[in-house]
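Being a predicted model, the structure only gives us computed values, none of them experimental. A note on names: the letters A, B, ... follow the listed sequences, proteins ahead of strands, and every chain is numbered from 1.
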Amino acid sequence: MSAVRPSATDLAALHGAVLDWYAVNSRPLPWREPSCSPWGVLLSEVMSQQTPLGRVEPIWRQWMERWPTPAQLAAESPGEVVRAWGRLGYPRRALRLHEAAVVITERHDGEVPRHEADLRALPGIGDYTAAAVAAFAFGDRSVVVDTNVRRVQARAVSGVAQAAPSMTRAEVALAADLLPVDDEDAATWNVAVMELGALVCTARSPRCDDCPVVGRCAWVLGGRPAYDGPPRRGQKWHGTDRQVRGVIVQALRESPGPVLREALAPGRDEQQVDRCLAGLVEDGLVEPVGDEHFGLPGVEEVAG
DNA sequence: GAGACGTGGCG
DNA sequence: TCGCCAAGTCT
């Protein structure tokens with residue numbers, strides 16, 4: 001990626017256009033309310049990893065109702081947390097959220113840490129989420145780079161149809177260059193660029209007619225050239241361990257207590273089921289109970 | 001750094 | 001229909 005960097009004048013115009021657009025077009029998500037706690041913000045960010053926001057919102061509301069503080073989640077059994085995760089996907093996130101709640105309770109006096117480095121040290125919190133929580137919960141001038149930001153930057157600044165398969169240092173450096181100097185503007189800018197990527201500068205069919213920066217978009221100005229980088233690795237699904245793991249965990253979510261091994265994933269290859277079970281136990285998502293049963297961790301009541 | 005890791009909706 | 005994709009993280 002070339003080290004394109006807009007001039008100060010262009011940068012100011014870019015900031016103005018995007019911030020104005022956001023002021024009018026932002027979605028009223030509950031975790032964007034000023035009254036939302038840092039814990040609520042952290043929850044929303046982890047739930048949103050690789051997951052459409054529409055699916056996140058109802059679960060987020062349930063969690064905030066049930067566990068309004070880290071200490072309350074920490075006091076819950078991991079299994080009930082995995083159950084409450086529902087079908088959001090990647091249930092290890094639920095487990096890590098529980099672990100993070102324990103760490104916050106024991107080492108941070110029950111308060112979500114406000115510094116990016118401390119956030120980054122929590123289980124399940126990577127570079128993106130640490131920066132996002134620091135920015136959105138505490139108003140930090142952190143550099144937030146997610147898939148939306150990467151795509152908007154790729155098009156508007158670098159002039160290519162899409163970003164590379166994995167994030168580069170150059171992309172982070174560019175995002176840092178684009179960040180407004182003012183703290184408050186920076187925090188809004190971070191969420192505004194993400195929102196622009198989510199609503200207008202989308203992956204499939206970007207709505208350039210509705211874009212506040214179409215007039216200064218390097219990709220549009222360059223005639224919207226097709227992507228010519230390395231292909232993204234496609235994810236297999238049918239028949240994979242991943243699918244069987246999903247079947248097993250869902251069966252356990254639907255049962256009040258441990259389930260007989262044979263009833264976990266009926267009709268599936270036995271060897272594969274055993275392998276997946278071993279992996280799930282290793283991950284802490286499933287717990288063996290007695291000789292032939294498996295349950296969600298810490299959920300011991302036997303099904304009728 | 002490549003690959004694993006859920007789930008469901010959309011073009 | 002079916003591959004692509006969605007506010008990534010961890011090993």
Strictly distance-based, threshold 3.5 Å: is any side-chain N or O of A:R141 a donor or acceptor partner for the main-chain N or O of A:D182? no
Which ones in residues 188-207 of chain A lie close to DNA chain B, meaning a heavy atom under 4.0 Å from one of its atoms? A:R204
Which part of the nucleic acid does A:W85 contact within heavy-atom distance under 4.0 Å: base, sugar-phosphate only, or nothing? nothing
Nearest-angstrom distance from the residue atom CD of A:Q162 to C1' of C:dA6: 14 Å
Could you tabulate the donor-acceptor pairs under 3.5 Å formed by side-chain atoms of residues 115-136 of chain A, not counting sequence neighbours?
| from | atom 1 | to | atom 2 | distance (Å) |
| --- | --- | --- | --- | --- |
| A:R120 | NE | A:D127 | OD1 | 2.7 |
| A:R120 | NH1 | A:I125 | O | 3.2 |
| A:Y128 | OH | A:E45 | OE1 | 2.6 |
| A:T129 | OG1 | A:Q49 | NE2 | 2.9 |

Approximate separation, where rounding is to 0.5 Å, of A:W21 CH2 and A:L196 CG: 5.0 Å
Without hydrogens or angle criteria, can the side chains of A:N25 and A:E195 be said to hold a donor-acceptor pair below 3.5 Å? no
Rounded to whole angstrom units, what separation is found between the CH2 atom of A:W237 and the C1' atom of C:dC2? 15 Å
Would you please test A:E254 and A:Q250 for side chain to side chain donor-acceptor pair (under 3.5 Å) and show each step? CA-CA 6 Å; A:E254 289 171 347; A:Q250 180 55 19; 2.8 Å; yes
I'd like the C1' distance from C:dG8 over to B:dG1, given in whole Å. 16 Å
Main chain of A:Y227, side chain of A:Q162: is a donor-acceptor contact present, judged purely on distance under 3.5 Å? no
Taking atom P of C:dA7 as reference, at what distance in whole Å does atom CD of A:E171 sit? 15 Å
P atoms of B:dC10 and C:dA7, separation to the nearest Å: 14 Å
Please state how far atom CZ in A:R150 lies from atom C1' in C:dA7, giving the value in whole angstrom units. 13 Å
Would you classify A:R275 as touching base, sugar-phosphate or nothing, given that sugar-phosphate means primed atoms plus P, OP1 and OP2, and contacts are heavy atoms under 4.0 Å? nothing
Heavy atoms under 4.0 Å, any strand shown: does A:Q250 hit a base, just sugar-phosphate, or nothing? nothing
Measure the distance from CG on A:L88 to P on C:dG8 and round it to the nearest whole Å. 14 Å
So, does A:S142 use its side chain to make a donor-acceptor pair with the main chain of A:V144 at under 3.5 Å? no
Going 5' to 3' on DNA chain B, which nucleotide is the first and which the last to come under 4.0 Å of a heavy atom in chain A? B:dG3 to B:dG11
Tell me whether A:H108 contacts the main-chain N or O of A:R114 through its side chain, where contact means a donor paired with an acceptor under 3.5 Å. no
Which part of the nucleic acid, if any, lies within reach of A:L29 when heavy atoms closer than 4.0 Å are counted: base, sugar-phosphate only, or nothing? base
Nearest-nucleotide check on DNA chain C, A:R233 vs A:R151; residue mapping nearer the 5' end is A:R151
Are the side chain of A:R253 and the backbone N or O of A:G86 linked by a donor-acceptor pair below 3.5 Å? yes
Keeping to residues at least two apart or across chains, list the ring pair (Phe, Tyr, Trp, His ring centres under 6.0 Å) pairs with something in residues 55-102 of chain A. A:W31-A:W60, A:W63-A:W67, A:W63-A:W85
Whole-Å distance, A:L43 CG to C:dA7 C1', equals 14 Å
A:R83 and A:E80 ion-paired at < 4.0 Å: yes
Could you identify which residues of residues 45-66 of chain A place a heavy atom less than 4.0 Å from some atom of DNA chain C, listed by residue number, or say none? A:E45, A:S48, A:Q49, A:Q50, A:P52, A:L53
Do any N or O atoms from the side chain of A:R155 and from the backbone of A:C217 form a donor-acceptor pair under 3.5 angstrom? no
Exercise: do A:Q235 and A:R242 side chains pair donor with acceptor under 3.5 Å: yes
The correct set of residues in residues 114-138 of chain A placing a heavy atom under 4.0 Å from DNA chain B is none
Between C:dC2 and B:dC5, how far apart are the P atoms? Round to whole Å, please. 24 Å
Check: A:T202 side chain, A:A198 main-chain N or O, donor-acceptor pair, under 3.5 Å: no
